[in-house]
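Handing you a structure now.
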2 protein chains.
Amino acid sequence: MKTNKLCIIRLSKYKNALYRLKSLGFVRVFSDNLADAVEATASQVRKDFSIFGISGNKRGGYKIDELIEKLNIILGKDELQKVIIVGLGKLGTALSRYTGFEKEEIKIVAAFDIDSTKFNQTDIKMIKLNEKTPVLALEYLPEFVRKNNIKIGIITVPDIAAQQVVDIMLSSGIKGILNFAPIRLRGNDDCIINNVNLEGELENLIYFVNASTKTKGK
Amino acid sequence: MKTNKLCIIRLSKYKNALYRLKSLGFVRVFSDNLADAVEATASQVRKDFSIFGISGNKRGGYKIDELIEKLNIILGKDELQKVIIVGLGKLGTALSRYTGFEKEEIKIVAAFDIDSTKFNQTDIKMIKLNEKTPVLALEYLPEFVRKNNIKIGIITVPDIAAQQVVDIMLSSGIKGILNFAPIRLRGNDDCIINNVNLEGELENLIYFVNASTKTKGK
DNA sequence: TAGTTTTTGTGATTTTTTTCACTACAAATA
DNA sequence: TATTTGTAGTGAAAAAAATCACAAAAACTA
């Protein structure tokens, strides 16, 4: 099974598009429709599905409900995904309260920082996961992660502090890290690190905008 | 000149790494060091540079200061980039106050929303760009963009509202959009739309973590 | 039922991106 | 000055990803 990051991201987009189509009352889709909805080609949609053994009906397309279900299983959305976040600066605070994750069965169950003015809990034993997101001292991270079997962590600390947080996460058993610090982090084979670089995204956009306004003579 | 998005993103990473190396007292780098700093290969670094006509010294590597300067020009960092943002939810608010952009010569000069309780300015004529980020009614966007010659916009509105914002941006003269709404937006050839999908990034990570824990037998 | 249409599924092909491997040359050394 | 060493620069090769193109099957049509 030949998968790559881009392919999985497309699956995720297909899933989102399917929910929208469903809410519009559609029952079936064709590869063509999905391609259109996610800016891909029809054959790419079909190839992505074939990689995962998802099949439709010739001339009948795909049944939306079935497709959503299959994609959700592939994407691990059949169970709630517990995530922690480290670094309650502006971005971290926003993400820890961001409601967009909920509909995706993703829940930020705890936040960690080193600034004691941000803590709202000091006794880790008292924490219940369905209450308001606890904000804890970073030193509690390993215990929390082990007790609650957390696999995914988000890093929103300044770049100088990021590697240290990675090291703590790795030794606590975190298996996947989403890193917002614009620096390369060193992990190990047991843990996947994905990066989101907001400054980089903007720089990229600026580059291409400049490049095209220059070419087209403004 | 054969450029692609990934290549530009790497340039951006090289630049960040160079600043760090510089602050550590380094004066020169080798392609090897940069490769290491950004998780690339040495030949890729050299090829990226060769695409942009950046040359170093055989056996001497690259002079960091010169390299930073060249990269900054390529990336449009020789002048302040003015950016607007639409949608002051949690994420939008965080981004509009995020300090990480400043060091990159990127400034969010205005924010727009439709919720009047968020406005802090009602007279667009009174706004000075070096004061606190003004929060304005969305209807002022076209005027503001034209008057201040803004080229880049960020979208952090809910997905149902996003296309409408794109349309307003396009007709106002915005040339590049960074979109955080998890939906495909339709632009035109005159405007580049880049997407950041946070839910998607997490889903992606979850997929690969699940895939690897299954393979390795937990 | 035979023919026509439509859409899937996938091997083959093309394109894009990355890596390899080697040359050239500057600096260091003898 | 001759020799060695280390690194840039780059065309060629390989790998990865996307696209094409067509057979096969299902669903309509008459």
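Lettering follows sequence order; numbering is per chain, from 1.
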State, to 0.1 Å, how close Lys77(A) and Glu105(A) come at their nearest heavy-atom pair, and which atoms those are.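 Scanning both residues completely, I find the closest heavy atoms to be O-CG, 3.9 Å.
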Can you spot which of Glu199(B), Glu203(B), Glu201(B) makes a side chain to side chain donor-acceptor pair (under 3.5 Å) with Ser12(A)?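 Among Glu199(B), Glu203(B), Glu201(B), the one that satisfies the side chain to side chain donor-acceptor pair (under 3.5 Å) with Ser12(A) is Glu203(B).
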Length of the CG-C1' vector between Asp48(B) and dT10(D), whole Å: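 One finds 13 Å between C1' of dT10(D) and CG of Asp48(B), rounded.
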Does Arg46(A) place a side-chain N or O at less than 4.0 Å from the phosphate oxygens OP1/OP2 of dT8(C)?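 For Arg46(A), the contact criterion (side-chain N or O under 4.0 Å from OP1 or OP2 of dT8(C)) is met.
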Side-chain N or O of Thr41(B) versus OP1/OP2 of dT19(C): is the shortest distance under 4.0 Å?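 Indeed, a polar side-chain atom of Thr41(B) lies that close.
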Expressed as a whole number of angstroms, how long is the span from Asp32(A):CG to dT19(D):P?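 Rounded to the whole Å, the gap is 14 Å.
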Figure out the NZ/C1' separation between Lys5(A) and dA17(D), and round it to whole Å.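 Nearest whole value for this atom pair: 16 Å.
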Kindly give the heavy-atom pair with the smallest separation between Gly87(B) and Val157(B), and that separation in Å.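 Of all heavy-atom pairs spanning Gly87(B) and Val157(B), the closest is CA-CG1, 3.5 Å.
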So Ile193(A) and Ile155(A), do their side chains get closer than 4.5 Å, heavy atoms only?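 No, their side chains stay 4.5 Å or more apart.
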Counting the atoms with a prime plus P, OP1 and OP2 as sugar-phosphate, which does Ser50(A) contact under 4.0 Å by heavy atoms, base, sugar-phosphate, or nothing?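 Result for Ser50(A) = sugar-phosphate.
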May I have the distance from Arg10(B) (atom CZ) to dT16(C) (atom P), rounded to whole angstrom?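 After rounding, the reported distance stands at 16 Å.
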What is the distance, rounded to the nearest whole Å, between atom OH of Tyr14(B) and atom P of dA8(D)?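 Rounded to whole Å, this separation is 12 Å.
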Would you say Ser31(A) reaches dT8(C)'s phosphate, i.e. side-chain N/O to OP1/OP2 under 4.0 Å?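 For dT8(C), OP1/OP2 do have a side-chain N/O of Ser31(A) under 4.0 Å.
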Is there a donor on the side chain of Lys47(A) or the base of dT10(C) sitting less than 3.5 Å from an acceptor on the other?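 Looking at the base of dT10(C), it does not pair with any donor or acceptor on the side chain of Lys47(A) (distance under 3.5 Å).
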Quick one: which of dA18(D), dG9(D), dT8(C) gets closest to the side chain of Tyr62(A)?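 Of the options given, the side chain of Tyr62(A) lies nearest dT8(C).
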Scan for ring pair (Phe, Tyr, Trp, His ring centres under 6.0 Å) pairs involving residues 59-90 of chain B, sequence neighbours excluded, and state none if there are none.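 Sorted result for residues 59-90 of chain B: Phe49(B)-Tyr62(B).
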Can you find a pair of side-chain heavy atoms, one from Phe180(B) and one from Leu198(A), that are under 4.5 Å apart?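 In contact.
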Atom CD1 in Ile8(A), atom NZ in Lys13(A): separation rounded to 0.5 Å?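 Reported value, rounded in 0.5 Å steps: 13.0 Å.
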Sort me out a list of protein N/O and nucleotides 23-30 of chain D N/O pairs below 3.5 Å, or just none if empty.
| from | atom 1 | to | atom 2 | distance (Å) |
| --- | --- | --- | --- | --- |
| dA27(D) | N3 | Arg59(A) | NH1 | 3.4 |

In whole Å, I'd like the distance from the CG atom of Asn4(A) to the C1' atom of dA17(D).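 So the two atoms are 7 Å apart, to the nearest Å.
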Euclidean distance, atom CD1 of residue Ile51(B) to atom P of dT19(C) [Å, nearest integer]: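 Spelled out: CD1 on Ile51(B) to P on dT19(C) is 13 Å.
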What is the distance, to the nearest angstrom, from the CD atom on Gln44(B) to the C1' atom on dG11(D)?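 Value for this atom pair: 17 Å.
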